[in-house]
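Structure record follows, encoded as structure tokens.
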Amino acid sequence: MLGILISCPIERVYDSLYKIDLSGDKQVVELGKPFKPLRVKTLPNCEVEFIYFGDTVFSKKVLSSGNYAIFYPPIPKKEGDIKVLARTEEGSVIFHLKALRKDFWFFLFLEFLLGFVLFIFGLDRGSTGIMRAVGGWTRKAINRLSSNRFLALLGGIIGAMGFQSSTAVTVMVVSLVDLGMISPSAAIVTNAGAGIGTTLTVGILSLGIGQVSIILILLGFIIEKLLRSYGHYGRAIFGFGLAFFGIWYMGEVFSKLSEIPTFFNMLSSIFNSPSLTLIFSLVFSALIHSSALTLGMGISLAYAGILSFEGALAMVLGANVGTAFTAVLASSGLSGTARKVAITNLLGRFLFSLILLFTIPFSKFLPIWSNNLSANIALAHVYYNILFAMAVIPISYLKPLWERSESGKVKGLSEMFIDDPDIATVYMEKLVSDALNKAILMFQEIPDVIRSKSPSRIYNFQKMDDELDEIETKVNALLGRLNEGFVQQNTANNLIALAYIMEEIENSGDIMSKSIGRLAEKMYKEGINLSEEEINGILSLHREVLKTFADAMVVLSSWEKESAINLYNRKDEVKSLLEELKREFYSRRFDVEKLTSGEVYLDILSDLERINFHIASIGGIIYENM
């Protein structure tokens with residue numbers, strides 16, 4: 001009798017119509033719970049050997065029933081990966097199973113939260129360190145670089161690099177628009193520049209983070225604790241080290257999830273879809289007020305292999321839109337122009353992202369990408385914000401878009417920003433500068449007020465001091481509010497110096513309104529007329545004091561040491577001229593009838609010298625603050 005050779009091919013059970021694996025491969029269960037049976041397809045009456053490699057190793061032979069052979073894995077007692085080899089003489093199939101501890105999901109959630117908290121805390125601490133080191137200078141740079149479009153763009157870049165946050169810059173810029181310190185057209189360009197500046201953070205986060213994060217944490221800690229003068233820089237290094245470690249830790253969590261088919265498929269279905277990824281990143285950025293945090297999460301997903309190239313680009317688009325929501329919320333209590341700037345930034349980014357969303361399928365073929373997906377996230381962030389800035393600059397020239405619907409009167413500082421010492425310093429500098437300008441305008445009126453002796457002109461002259469009083473009230477209120485919170489020493493010194501300068505300016509205004517104004521009233525009521533020599537004497541001293549005012553304007557804008565000394569020395573120069581004019585007066589022969597006019601003349605000269613004293617004192621205040 002001839003033997004018959006039976007062929008026993010083996011393969012997975014797969015539904016080709018619905019493309020579903022029915023073999024039971026890649027199951028994940030908790031300890032103590034059973035796996036579903038494993039199935040292979042073969043021919044009837046074929047013997048299939050199943051070899052189990054888990055907490056125990058054993059082999060079991062199963063005779064196929066119909067076209068299938070079924071194996072029931074034992075209930076796992078130890079967590080870890082399990083492999084099951086199914087084989088016949090014709091081939092083999094390997095099954096991959098996983099057993100998880102019972103509290104796996106709870107601790108995985110805690111691990112994710114830990115990584116996320118470390119990331120947020122590290123980024124916040126790093127940003128705070130940089131802000132404390134260069135924040136004051138950065139805020140002033142934003143204000144001073146807003147004179148034209150390209151300087152405004154540079155100001156936004158510098159600001160975001162200094163704050164490590166485009167959101168912080170856009171919120172501050174909207175506030176400065178409300179205060180009238182930045183024009184709306186410059187503000188929208190500054191916001192576009194802030195987007196470019198924040199790419200530095202994402203670029204750093206996209207670097208390899210393994211052991212580097214530990215080195216940065218240790219280095220930053222040593223610098224902060226041992227080198228006190230460089231403590232802010234140490235804090236920045238320490239913070240970014242923690243942020244790197246947080247991204248790496250979240251990446252590890254996502255890697256664990258990627259090993260679980262159900263979750264991997266779920267996350268992949270979201271982050272492989274550009275539309276869903278854009279919506280997710282937009283909402284996430286709006287909630288946490290940071291594009292850097294969102295893209296840091298994207299980098300973690302990239303490390304875990306969950307995020308696709310298309311999803312990465314969409315995440316960049318959504319993050320750049322979501323981060324603009326914060327400025328819109330911040331502008332809700334501000335002027336219509338400030339709200340218009342915030343909304344324009346949001347709508348511009350939304351429309352720009354929507355247009356770019358349709359280009360994603362073709363973008364991968366451009367020769368501008370790296371082989372590293374994390375690096376591509378950083379590159380996409382750079383490309384997006386550069387292109388957006390290029391689109392915004394021409395739009396900012398559409399003047400009808402930015403015409404103020406309200407008066408240009410400067411408002412009080414918003415409650416949202418009044419607690420920020422550096423923003424308040426910039427605002428106070430403007431208030432003091434405005435006060436000095438008003439004092440100069442008032443001082444220039446003195447000769448005409450004295451010569452005309454017009455009651456209406458005297459009244460208007462005295463009322464000009466009320467504006468100085470209003471500004472001084474704002475300065476004192478602002479300083480008092482800031483004293484309630486933490487203010488850095490150098491910032492506190494600047495604020496106090498500005499308050500002292502404001503006091504000197506207001507004192508000069510009081511002399512003009514209360515003393516010179518009353519002398520002008522006396523001349524009107526008593527019919528007192530000054531001689532030609534006396535008028536010329538007043539004009540000569542007035543010109544010198546006016547030079548002191550001009551020097552004060554220069555010093556207040558530059559805060560230069562040498563200029564401050566020269567301004568302070570104006571005290572002696574003007575005092576010498578006063579003494580000379582007095583000697584000339586006493587050397588002249590005059591009638592008894594002229595005694596009253598001479599008395600008024602000497603009082604006016606003394607008042608002019610007192611005004612000069614207060615304005616020249618600004619130089620001393622600034623010099624002592626350097």
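Sequence positions, counted from 1, serve as the residue numbers for this chain.
- In Tyr14, the OH atom is crowded: over 12 heavy atoms of neighbouring residues, nucleotides or ligands sit closer than 6.0 Å.
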Lys61/Glu49 under salt bridge (charged side-chain N to carboxylate O under 4.0 Å, His left out): CA gap, chis, key distance, verdict: CA-CA 4 Å; Lys61 294 181 179 180; Glu49 181 181 17; 5.6 Å; no
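- Proximity of a side-chain donor or acceptor of Thr42 to a complementary backbone N or O of Ile10 within less than 3.5 Å is not detected.
- If you take NZ on Lys33 and CD on Gln27, they are separated by 13.5 Å, rounding to the nearest 0.5 Å.
- Residues Thr88 and Glu47 bring no donor and acceptor atom of their side chains to less than 3.5 Å of each other.
- For the pair Phe352 and Leu387, the minimum side-chain heavy-atom distance is below 4.5 Å.
- Side-chain contact check for Ile217 versus Phe245: some heavy-atom pair is nearer than 4.5 Å.
- Side-chain atoms of Leu100 and Phe107, non-hydrogen and from C-beta on, never get closer than 4.5 Å to each other.
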Evaluation steps, side chain to side chain contact (heavy atoms under 4.5 Å, CB included), between Tyr68 and Lys41: CA-CA 5 Å; Tyr68 301 99; Lys41 188 176 182 180; 4.2 Å; yes
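- With values rounded to the nearest 0.5 angstrom, Leu31 atom CG is found 11.0 Å from Ile75 atom CD1.
- In this structure, Glu11 contributes its side chain and Val40 its backbone to no donor-acceptor pair below 3.5 Å.
- Considering CG of Asp25 and CG of Leu97, their distance stands at 7.0 Å, rounded to 0.5 Å.
- Across Pro34 and Val29, no two heavy atoms sit closer than the pair O-CG1, 3.7 Å.
- With rounding to the nearest 0.5 Å, the separation of CG in Leu313 from CG in Leu379 is 10.0 Å.
- The structure places CG of Leu347 at 12.5 Å from NZ of Lys340, a figure rounded to the nearest 0.5 Å.
- With a 4.5 Å cut-off on side-chain heavy atoms, His96 and Lys83 count as touching.
- Ring planes of Phe238 and Phe221: tilted class, angle from 30 to 60°.
- Not a single donor-acceptor pair under 3.5 Å links the side chain of Ser285 to the backbone N or O of Thr323.
- Heavy-atom minimum distance, Gly311 versus Thr277: O-CG2, 3.1 Å.
- Shown here is Phe350, whose CZ atom has no more than 12 heavy atoms of other residues, nucleotides or ligands within 6.0 Å.
- In this structure, Phe280 and Met315 have side chains that are in contact, with non-hydrogen atoms separated by less than 4.5 Å.
- Looking at every heavy atom in both residues, Pro37 comes nearest to Tyr72 through CB-CE2, 3.6 Å.
- Pairing each heavy atom of Ala69 with each of Val48, the nearest pair is CB-CG2, 3.8 Å.
- In this structure, the side chain of Asn320 engages the main chain of Val316 through a donor-acceptor pair within 3.5 Å.
- At a threshold of 4.5 Å between non-hydrogen side-chain atoms, the residues Tyr383 and Trp369 count as touching.
- The distance from the OH atom of Tyr52 to the OG atom of Ser59 is 13.5 Å, given to the nearest 0.5 Å.
- For Phe95 and Phe71, the ring centers sit 6.0 Å or farther from each other.
- Scanning both residues, Val321 and Leu346, for their nearest heavy atoms gives O-CD1, 3.6 Å.
- Panel note: side chain Ser353, backbone Leu317; a donor-acceptor pair is recorded below 3.5 Å.
- No more than 12 heavy-atom neighbours from other residues, nucleotides or ligands sit within 6.0 angstrom of CZ on Phe109.
- The shortest heavy-atom contact between Val341 and Ile188 is O-CD1, 3.7 Å.
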CA sep, side-chain torsions, deciding dist, call: Cys8, Glu89, side chain to side chain contact (heavy atoms under 4.5 Å, CB included): CA-CA 7 Å; Cys8 292; Glu89 293 181 355; over 6 Å; no
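- Counting only heavy atoms from C-beta outward, the side chains of Arg12 and Leu38 never approach each other to under 4.5 Å.
- Ser23 and Asp21 share a donor-acceptor pair across their side chains, judged by distance under 3.5 Å alone.
- Contact of the Pro73 side chain with the Ile82 side chain is not registered, since no non-hydrogen atoms from C-beta on lie closer than 4.5 Å.
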Verdict with reasoning, His381 to Ile377, per side chain to side chain contact (heavy atoms under 4.5 Å, CB included): CA-CA 6 Å; His381 195 41; Ile377 292 175; 5.8 Å; no
Residue pair Phe388, Asn345: steps toward the side chain to side chain contact (heavy atoms under 4.5 Å, CB included) verdict: CA-CA 10 Å; Phe388 182 71; Asn345 183 52; 4.2 Å; yes
Pair Lys98-Asp81, salt bridge (charged side-chain N to carboxylate O under 4.0 Å, His left out): steps then yes or no: CA-CA 5 Å; Lys98 181 180 285 292; Asp81 294 325; 2.6 Å; yes
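- The number of heavy atoms from other shown groups lying within 6.0 Å of CZ (Phe58) is above 12.
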